[in-house]
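Each remark here refers to the structure printed beneath this line.
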Protein chains: 2
Amino acid sequence: MARTGRPREFDRDKALDAALTLFWTQGYEPTSLNQLKTCMGNISPASFYAAFGSKEALFREVVQRYLETYGQVMAPLWDETLAPRDAIEQTLRRSARMQTTRSHPTGCLIVLGACNCSPENEPVQTLLAAQRERSRKGFQACVARAVAEGELTDTPVTKTLPTLFATFLHGMACEARDGNRAKKLDDAITTLMQVWDSLALTA
Amino acid sequence: MARTGRPREFDRDKALDAALTLFWTQGYEPTSLNQLKTCMGNISPASFYAAFGSKEALFREVVQRYLETYGQVMAPLWDETLAPRDAIEQTLRRSARMQTTRSHPTGCLIVLGACNCSPENEPVQTLLAAQRERSRKGFQACVARAVAEGELTDTPVTKTLPTLFATFLHGMACEARDGNRAKKLDDAITTLMQVWDSLALTA
DNA sequence: CCACTTCCGGACCGCTTAGTATAGAAAATT
DNA sequence: AATTTTCTATACTAAGCGGTCCGGAAGTGG
């Protein structure tokens, strides 16, 4: 469709990426509009609001972008062509590597992006909490699939696996933010996966 | 020592507890002086600064108080009268119960208290990071003690245990904040401890 | 070339922030 | 009772917050 009028002078995608980096580093609330406008190429408030609507709307776009890029390390969790065990292991290992890579902020935007929020920004917290819940459901689905395929037996111990993996996954955000390197987390994942194997063996 | 002059009218300890609850719930930055003064019994700015110095100084006192009370669930980690495995298990189980108890805010102040910080409040982040590092060292010490006592063998796998437990511990803060109950985490801990047992068996 | 659409820069909005200065009252010690 | 100390309340600062508005600039379609 024909787009008339003066075209915007900044690259909306580049600006979004810059905002993503800033939000990822500092989190939602401490990131001010001034910082955002500066890092997005010294755009004016008017340009900002015309392009993104509000700080919260921008953050929602940023989260979406994150999920579509960096967040794809979690994709194996919902890939039913993978064996359930491999899906979980790949998710953990890829998350560990991604969260510790130094070419972008460390840790996980979904876990750390809105930990400290005033009551008025509760919707933002809720947004990220929903994504974390999605991850938990992913682990549950993998374990359920393993039971269905006969790889694991449906015991009380098996039922604890999703929480075990989800807790470890979310904990990696803290470890990565605190400076732990990929190898350390990766080695811990190797050990953690032994839990799965020992349950599979006794089946 | 003799303390002359008019005594303060509010209970400093109660005020500190109120501030602890508020900081625990919201985190450092989003908690404003107005909120603090209100919850501490409608004290005046002058009284506040006379009694606590600054927002940051108050937070440091709050962290200290937290460590001396709720944070004591981690005490087993440095209790050398306990078997290393028991020390770790107790630390995890007590943390799980404490962090999910509803008579106070959920999650862990040390993990969640200053996730989202502007650059100017980096010292606050550093304060909590140092405490998290202390926890990691605690797990390391327990594993080292287990090796020294012959309970575990000094293998590459054994070396991954501290990171495994620390990551899980810190992850519990996220799970508790998201509404998970004690039993769910406790059951996951039971499964996680199997890792230790399987390594001890092969020794 | 003109009309129209859109964007940009900057002034500006009301409100909140952490923190201070001041003045006077109240309570303890001497 | 005089002195010392710290309280209270209130007004205040300078800066920053998210967000709005407007006049003019810049581009497009007819």
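The sequence lines fix the lettering, A, B, ..., with proteins before strands; numbering per chain opens at 1.
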**Complete:** B:I43 atom CD1 is separated from C:dA18 atom P, nearest whole Å, by 13 Å

**Request:** Select base, sugar-phosphate, or nothing to describe what B:T31 touches, counting heavy atoms under 4.0 Å on all strands.
**Result:** sugar-phosphate

**Asked** To the nearest Å, how far apart are B:F52 CZ and C:dG19 P?
**Response** 14 Å

**Message:** Under 4.0 Å, heavy atoms only, any strand: does A:F10 hit a base, just the sugar-phosphate, or nothing?
**Reply:** sugar-phosphate

**Asked** Given atom CZ of A:R6 and atom P of C:dG9, what is their separation to the nearest angstrom?
**Response** 7 Å

**Request:** Starting at atom CG of B:L36, determine the distance to atom C1' of C:dT16, rounded to an integer number of angstrom.
**Result:** 14 Å

**Residue B:A46, side-chain heavy atoms: nucleotide from C:dG9, D:dA9, C:dA11 that is nearest** = D:dA9

**Message:** Within 45 degrees of the ring normal and closer than 6.0 Å to the centroid, is that where the cationic atom of A:K55 sits relative to A:F48?
**Reply:** no

**Prompt:** So which nucleotide from D:dC7, C:dT17, C:dT20 ends up closest to the side chain of B:P45?
**Reply:** C:dT20

**Message:** Salt bridge check, A:E133 against A:K137: does any charged N sit closer than 4.0 Å to a carboxylate O?
**Reply:** yes

**Asked** Is the shortest heavy-atom distance from the side chain of B:F52 to the side chain of B:L16 under 4.5 Å?
**Response** yes

**Item:** Closest listed nucleotide, where the reference is the side chain of A:S32 and the choices are D:dG18, D:dT10, C:dC8
**Value:** D:dG18

**Prompt:** Nearest-Å distance, CD (B:E29) to P (D:dG16)?
**Reply:** 14 Å

**Request:** Report the nucleotide, chosen from D:dG19, C:dG19, C:dA28, that has the shortest atom-to-atom distance to any side-chain atom of A:K55.
**Result:** D:dG19

**Message:** Measure CG/A:L33 against P/C:dG10 and give the value in whole Å, please.
**Reply:** 17 Å

**Message:** Among C:dG9, C:dG19, D:dT20, which nucleotide has an atom closest to any side-chain atom of A:Y49?
**Reply:** D:dT20

**Prompt:** What's the closest nucleotide to the B:P7 side chain, out of D:dG24, C:dT17, C:dA28?
**Reply:** C:dA28

**Request:** Measure up the A:W24 and A:H104 rings against each other and bin them: parallel (under 30°), tilted (30 to 60°), perpendicular (over 60°).
**Result:** parallel

**Request:** To the nearest Å, give me how far apart CE (A:M40) and C1' (D:dG18) are.
**Result:** 14 Å

**Prompt:** Atom NZ of A:K37 to atom C1' of D:dT20: distance rounded to whole Å?
**Reply:** 12 Å

**Asked** Below 4.0 angstrom from OP1 or OP2 of D:dT6, is there any side-chain N or O of B:R8?
**Response** no

**Salt bridge A:D186-A:R181, side-chain N to carboxylate O under 4.0 Å** = no

**Message:** Assuming nearest nucleotide by heavy-atom distance, tell me which of B:N34 and B:E9 is located more 5' along DNA chain C.
**Reply:** B:N34

